[in-house]
Amino acid sequence: MDRFMLCPLQEGYSFTAGNNVREQKLEGGMPRQVVKFVGAVHTVSATVLLEDQRARQYFWSFWRLNQTKLWQWSLSLDNGIKEDCVCQFSAESVPQENFIEGPIRKIAINIYVVPIKRDSGFDRTIVDLWQSGLINNLLDLDKIPNVWLPDAVGV
């Protein structure tokens, strides 16, 4: 599996989580919802900066070779950190060179991303920490070595 070596720009980056829920609207009250899918793909729109002709040649070669294949890219999804993701180019939207300035190009792409399985126990812990207010105590842990210890020893 090929790995895409260029980094996405923050500008123009958007992430939409895959929807595993099917919903049926009712005449009155809340809609009925049921988990219908497992692993519905995420979608990412990203812009890549091509600084010179070599990077442009690399992008288009990579795209031609991997249009219908799975490949890897380091992206920030629902965990808030960059992770290695399995991706696929969207056939509905081909890459578009949307900004040209001399040899510098920006290319916008839309891709599908296989969701990374998350631990539901960890998710429950995060929600419980926020709801109980204990998240503030965790934020204070950073202050022990960086603020309180230097103040205590007079540094």
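Heavy atoms only: backbone and side chains are in, while hydrogens, waters and symmetry mates are out. Predicted model, so just to flag it, every value in this text is computed and none were measured.
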* To do: Mind listing the closest non-hydrogen atom pair of A46 and P8 along with its distance?
  =>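 For A46 and P8, the tightest heavy-atom pair comes out as CB-CB, 4.1 Å.
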* Might you point out which heavy atoms bring A40 and P115 nearest each other, and give the distance in Å? =>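 That would be O-CG, 3.2 Å.
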* To do: For the pair W60 and W63, name the ring-plane relationship: parallel under 30°, tilted 30 to 60°, perpendicular over 60°.
  =>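 Answer is perpendicular, since the angle exceeds 60°.
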* Asked: Should the ring pair F62 and F4 be called parallel, tilted or perpendicular, given that the plane angle runs from 0 to 90° and is split at 30 and 60?
  ->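 The arrangement is tilted - the two ring planes meet at 30° to 60°.
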Heavy-atom side-chain contact between [X] and [Y] under 4.5 Å:
| X | Y | value |
| --- | --- | --- |
| D128 | R124 | yes |
| P95 | F59 | yes |
| V86 | W73 | no |
| L70 | D2 | no |
| K36 | V21 | no |
| Q24 | P31 | no |

Hey, quick one: are [X] and [Y] part of the same hydrophobic cluster, counting side-chain heavy atoms closer than 4.5 Å, chains of contacts allowed?
| X | Y | answer |
| --- | --- | --- |
| L65 | Y112 | no |
| F122 | W130 | yes |
| L6 | I109 | yes |
| M5 | F89 | yes |

* Asked: So, does D52 use its side chain to make a donor-acceptor pair with the main chain of A55 at under 3.5 Å?
  ->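 Indeed, once roles are kept as given, a pair shorter than 3.5 Å links the two residues.
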* To do: Mark yes or no for whether Y13, through its side chain, and S76, through its backbone, hold a donor-acceptor pair below 3.5 Å.
  =>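 Yes, Y13 side chain to S76 backbone: donor-acceptor pair under 3.5 Å.
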* Asked: Given V38 and N20, is the side chain to side chain contact (heavy atoms under 4.5 Å, CB included) satisfied, shown in steps?
  -> CA-CA 6 Å; V38 175; N20 293 323; 5.6 Å; no
* To do: Report the C-alpha separation of D123 and V127 in whole Å, then their side-chain angles, then the decisive distance to 0.1 Å, and conclude whether the side chain to side chain contact (heavy atoms under 4.5 Å, CB included) test is met.
  => CA-CA 6 Å; D123 288 345; V127 170; 5.6 Å; no
[atom1]/[X] to [atom2]/[Y] distance, rounded to the nearest 0.5 angstrom?
| X | Y | atom1 | atom2 | value |
| --- | --- | --- | --- | --- |
| Q88 | C85 | CD | SG | 14.0 Å |
| N79 | I116 | CG | CD1 | 7.5 Å |
| W71 | M1 | CH2 | CE | 11.0 Å |
| N19 | T43 | CG | OG1 | 11.0 Å |
| L75 | I111 | CG | CD1 | 5.0 Å |

* Test side chain to side chain contact (heavy atoms under 4.5 Å, CB included) applied to L77 and H42, step by step -> CA-CA 9 Å; L77 302 177; H42 303 318; 4.2 Å; yes
* To do: Please report the C-alpha distance between I104 and L50 in whole Å, then the side-chain angles of each, then the deciding distance to 0.1 Å, and finally whether the side chain to side chain contact (heavy atoms under 4.5 Å, CB included) criterion is met.
  => CA-CA 6 Å; I104 299 174; L50 308 178; over 6 Å; no
* **Pair E51 + R56: basic N to acidic O under 4.0 Å** =>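 Salt bridge between E51 and R56, a charged N being under 4.0 Å from a carboxylate O: no.
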* So does K117 pair up with E83, basic N to acidic O under 4.0 Å? ->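 The answer is no: the pair does not qualify as a salt bridge.
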* Assess the side chains of N110 and S90: does a donor N or O sit below 3.5 Å from an acceptor N or O? =>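 No - no donor-acceptor pair under 3.5 Å links their side chains.
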* **Partner residues of E11 under the salt bridge (Lys or Arg N to Asp or Glu O under 4.0 Å) criterion, sequence neighbours left out** =>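 By the salt bridge (Lys or Arg N to Asp or Glu O under 4.0 Å) rule, E11 matches K106.
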Crowding at [atom1], [X] (>12 non-hydrogen neighbours, <6.0 Å):
| X | atom1 | value |
| --- | --- | --- |
| Q72 | CD | yes |
| Q33 | CD | yes |
| R3 | CZ | yes |

